[in-house]
Chemist: 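Quick one: the structure is below, and I'll ask about it shortly.
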Amino acid sequence: TQLLEQSPQFLSIQEGENLTVYCNSSSVFSSLQWYRQEPGEGPVLLVTVVTGGEVKKLKRLTFQFGDARKDSSLHITAAQPGDTGLYLCAGGDSSYKLIFGSGTRLLVRP
Amino acid sequence: GAGVSQSPSNKVTEKGKDVELRCDPISGHTALYWYRQSLGQGLEFLIYFQGNSAPDKSGLPSDRFSAERTGGSVSTLTIQRTQQEDSAVYLCASSLGAGGYEQYFGPGTRLTVT
């Protein structure tokens, strides 16, 4: 059974601080996606990484896929209150299925 | 264009009653997924439809759960004889196809079984 573990489960930080969220598995994935979900809404895709060692940047967000394609990290620089939400990683294989992690709930205090 | 829509947005039902949840995918999307999300947790895969192929029902937790997709578009998730542990947010997503296409999620239906 493929599992994705995210850490930390909850993070409360002050505006302007940096943070990193981790997504780990013992399984290899062909792709890794990161989503952000706000209360009352469905998850929204932020990025997809497909190559081991790949790094993608989206403004203040940096995503990295591990060399072995078993883990990933999301780093946010100078967090803002608008970054508040539930961050979910999801691993994909060559089929249609995505395996979702349990999520990291981020609260950025003004 | 319109995104994925789901109805109702909230549903409160008594234990033992049946409920139907509806999903309208993005027009032209051939793949449709149902997920379940417990409070603040990750998503649990329930069922997948792709075009005219037989659906993948491997994630349905019990035979009280069923889903259909009519005309390759609208989908209905039915839960019979609801139990309190069925309380969750039920999310629907659609994508252009299978295997690596971005999934677009609806806002979900929050189901509360009393």
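Convention: sequence-line order gives letters A, B, ...; per-chain numbering from 1.
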Chemist: Pick one of side chain, backbone, both or neither for B:T109, based on which atoms fall under 4.5 Å of a heavy atom in chain A.
Modeler: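 Looking at B:T109, nothing touches chain A.
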Chemist: Evaluate the ring planes of A:Y35 and B:F105, with Trp represented by its six-membered ring, and classify them as parallel (under 30°), tilted (30 to 60°) or perpendicular (over 60°).
Modeler: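 Correct class here is perpendicular.
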Chemist: Identify which part of B:Y104 has an atom lying under 4.5 Å from any heavy atom of chain A, answering side chain, backbone, both or neither.
Modeler: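 Nothing of B:Y104, per the 4.5 Å heavy-atom cut-off to chain A.
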Chemist: So do the side chains of B:L43 and B:Y33 get within less than 4.5 Å of each other, counting heavy atoms only?
Modeler: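 They are not in side-chain contact.
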Chemist: Among the options A:L98, A:V50, A:V44, pick out the one with the most heavy-atom pairs lying under 4.5 Å from chain B.
Modeler: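 Among A:L98, A:V50, A:V44, the one with the most close pairs to chain B is A:L98.
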Chemist: Against chain B, label A:Q9 side chain, backbone, both or neither, depending on which of its atoms sit under 4.5 Å from a heavy atom there.
Modeler: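 For A:Q9, neither part sits under 4.5 Å from chain B.
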Chemist: Under the criterion side chain to side chain donor-acceptor pair (under 3.5 Å), I'd like the reasoning laid out for B:Q50 against B:Y48: C-alpha separation, chi angles, the key distance, then a yes or no.
Modeler: CA-CA 7 Å; B:Q50 170 58 37; B:Y48 164 78; 3.3 Å; yes
Chemist: Please classify the contact of B:Q103 with chain A as side chain, backbone, both or neither, using a heavy-atom distance under 4.5 Å.
Modeler: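 The answer is both parts of B:Q103.
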Chemist: Assess the residue pair B:R64 and B:Q80 against the criterion (side chain to side chain donor-acceptor pair (under 3.5 Å)); give the C-alpha distance rounded to whole Å, side-chain angles, the decisive distance to 0.1 Å, and a yes or no.
Modeler: CA-CA 5 Å; B:R64 296 186 294 105; B:Q80 295 179 312; over 6 Å; no
Chemist: Is the closest side-chain donor-acceptor distance between A:E5 and A:S102 under 3.5 Å?
Modeler: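 Short answer, no.
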